[in-house]
Visitor: 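Have a look at this one before I ask anything.
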Amino acid sequence: MEHHITQNGHHSTLATPWVLVRHLRNCQRVSMGRFHTRTQATRLQQALQRAYPFEMEIIFDPTERYQ
């Protein structure tokens with residue numbers, strides 16, 4: 001996963017807006033990772049789905065609420 005640092009030293013969430021989330025019971029979600037491109041998120045999703053049967057989706061979210 002790529003991390004981008006802004007001029008003030010903070011991580012830029014706009015640089016990693018694609019989030020792979022795992023769906024849990026009771027309508028909860030867990031972030032599996034943030035990615036610079038949708039392609040990066042899709043590759044991890046495909047790899048995880050071969051090993052684990054849980055439901056995941058890729059969302060576009062420029063905020064940090066799923067971190």
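The basis for the numbers below is simple: all heavy atoms, side chains too, and nothing from hydrogens, waters or symmetry mates.
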Visitor: For Leu48, check side chain to side chain contact (heavy atoms under 4.5 Å, CB included) against everything at least two apart and list the hits.
Guide: Leu20, Met32, Leu44, Tyr52, Met56
Visitor: Quick one: closest heavy-atom pair of Val19 and Ser31, and the distance?
Guide: CG1-OG, 3.6 Å
Visitor: Starting at CD of Gln45, measure out to CD of Gln40 and round the result to the nearest 0.5 Å.
Guide: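 If I round to the nearest 0.5 Å, the distance is 14.0 Å.
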Visitor: Suppose we screen for side chain to side chain contact (heavy atoms under 4.5 Å, CB included). Which residues come up paired with Arg25, at least two apart in sequence or across chains?
Guide: none
Visitor: So, Arg34 side chain and Asp61 main chain: donor-acceptor pair closer than 3.5 Å or not?
Guide: yes
Visitor: Check side chain to side chain donor-acceptor pair (under 3.5 Å) between Glu55 and all other residues, then give those that pass, not counting sequence neighbours.
Guide: none
Visitor: State which residues pass side chain to side chain contact (heavy atoms under 4.5 Å, CB included) with Arg43; sequence neighbours excluded, sorted by chain then number.
Guide: Thr39
Visitor: Which heavy atom of Trp18 sits nearest a heavy atom of Ile58, and at what distance?
Guide: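 That would be CE3-CG2, 3.8 Å.
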